[in-house]
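Below: the structure, in structure tokens.
We name chains A, B, ... by the order of the sequence lines, and we start the count at 1 in each one. What you see is a predicted model; the values in this text were computed from it and never measured.
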Amino acid sequence: MLAQTGAQAAAEAMRQIDPDVVPVYPITPQTPIVESFSKIVADGLVNSEMIHVESEHSAMSAAVGAQAAGARAVTASSSAGLALMFEVLGVASGMRLPILMNIANRALSSPINIHCDHSDSMGVRDSGWIQIYSENAQEVYDHNFLALKLAEKVSLPAMVMQDGFITSHSLENLEILTDEQVKQFIGRYKPQYPLLNIEKPVTMGAIQLPDYFFETKRQQIQAMSQAREQYDAVAQELSKLTGRSYPKIETHNLENAQAIIVVLNSTAGTALAAMRKLKNEFREKVGLIKIRLFLPFPQEEFREIIKKAVGENLKTIAVLDRAVSLGSDAPIAKEIKNALFDLSNKPQVYSYIFGLGGREIFEKDIKKVYLDLISKKTDHQVKYIGLRQ
Amino acid sequence: MFQLVIHGRGGQGAKTLALMIAETAIQAQSFAQAFPDFGPERTGAPIRSFVRIDQEKIITHEPVTRPDVVIVLDQSLIKNPEVLESLSSSKNPALIINSPDSSGEILKILSQFFDFKGRIHVVDALAAVAEFSGKIHPTVPIIGKLIKITEIISLDDFKKTYESKFLEKLGEESIKQTLKTLEDSYYGL
């Protein structure tokens, strides 16, 4: 058993992946990921070419170039760094390059803030990247392999999220696979159209005018559907190695639940701990859903889970978002309302916002949400957890 | 679940200490978490670090609010609101404080704010390491005391963690002295 932080866990997974190219630009709280990986490179433990670029725009551009050439490229970022990559994120997904990126979630300016919320990764959710969220260091490590393999299967880039500081800087237990197991699981990267193949020259990233652009986008949409379909097979294969499971949507205690909370990343653990500490009479009535695969969003699975739960007892769902979509519903709440729209017998969906800019979230806050749901002390106004009113 | 809060000033080793305690527990097949007060590093500013140790997987990620033990590395922090908050939690935590004063004097200060019911363990860490002219870190006698009163990790395991982390940096002679200071503190010599 190792003792590692979430950031070190990401770097350890990257060591075992041994990517060909790692272009990076450090930004808090992602810094310890690239710092740890730099040491791994300096110690000669990988063959990776690390490129120290001058900005995140360049980091993603270099990753695009490397991956297009036929290399495996991995990078990492946070907050403003991810925002600066925005233009190139779409280039990566549009060119169908399965780049892997670790994200230590952090708030976006302004006001400037280095702490955790999900505005960065939620802010790029239309960029065509697969998004997988991690509760702890172990999931960060496991999800790196899962994301890489799925990305390469469907030729789409993927990002693996962990909560900045809360996960990235916390030391926890970590079980790792052997280097050989990882090598076998991820296999060799076989690019379909590498630029460096002089036998079969291709042009990549060329201009497409109204005559073809639409069709190319349609192919991306299909690739996202494929990612949704192929996820389970990849997850099960990884599960065989680790003994841990990676359902797209993880459910706890839904059998008799009248009220459930939906949340992702580290707060899913805090919520589960809070749920387990409720008095028996309440605990029997509540459940928890943790979303692992956020994009492509597993709508049908979610609908089926809720349909079954409604058939039993489910009345209310509280969706906890650590990001806002100014002028609209919060990102996860919106997905869930969307997924449930076609259900004839729908539970009430309530939106809660918490933890913006690193505002701490406690088990007592989660307990209060459960008690409010059970005692029906809530309404359709958006609620703010831990906010000074 | 055992929970610990360490209060110190940036640069005094509160974060490293937390990491080493958790690492020792994990090496001994327990589950543990260690995390610092997050944010920009500021030397001299009050900071906290947190440790959890359990025999079962730890799933919560909230900050520690009800510690079993509170360590204060710098006596000038005793009136700090965060220190008072840690000490006044309903669990009546034990306090280990680095100070040349007696526990009675510490209690007198705390009594100005609230009725502290936990045990007070005073360690005069600076005096304990003074003769080694900066070669032994003042947190060493503190950790000896923590292990003594909680046995949450074993002295031998911690010695191994310390040695593996600092042997290269400090050299054999300093490590030997450090481990002796640790033992002296543990055995109350």
For H61(B), run the side chain to side chain donor-acceptor pair (under 3.5 Å) check against E172(A), E360(A), E135(A) and tell me which one passes. E172(A)
Where [X] and [Y] come nearest, the two heavy atoms and their spacing:
| X | Y | value |
| --- | --- | --- |
| T65(B) | F362(A) | CG2-CE2, 3.5 Å |
| L2(A) | I26(B) | O-CG2, 3.5 Å |
| E62(B) | T270(A) | N-OG1, 3.8 Å |

So does [X] have more than 12 non-hydrogen atoms from other groups sitting under 6.0 Å from [atom1]?
| X | atom1 | answer |
| --- | --- | --- |
| K368(A) | NZ | no |
| R244(A) | CZ | yes |
| Y352(A) | OH | yes |
| K148(B) | NZ | yes |
| I112(A) | CD1 | no |
| E183(B) | CD | yes |
| F114(B) | CZ | yes |
| E172(B) | CD | no |

Using non-hydrogen atoms only, which part of K15(B) is less than 4.5 Å away from chain A: side chain, backbone, both, or neither? neither
From [X] [atom1] over to [Y] [atom2], what is the distance, rounded to the nearest 0.5 angstrom?
| X | Y | atom1 | atom2 | result |
| --- | --- | --- | --- | --- |
| I59(B) | M275(A) | CD1 | CE | 8.5 Å |
| T5(A) | F35(B) | OG1 | CZ | 13.5 Å |
| T167(A) | Q33(B) | OG1 | CD | 9.0 Å |

Among S30(B), A22(B), A32(B), which residue has the highest count of heavy-atom pairs closer than 4.5 Å to chain A? A32(B)
Tell me, side chain or backbone of H115(A) under 4.5 Å from chain B's heavy atoms, or both, or neither?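 For H115(A), the contact with chain B is made by the side chain alone.
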Answer with side chain, backbone, both or neither: which region of I361(A) has an atom nearer than 4.5 Å to a non-hydrogen atom of chain B?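 The backbone, not the side chain.
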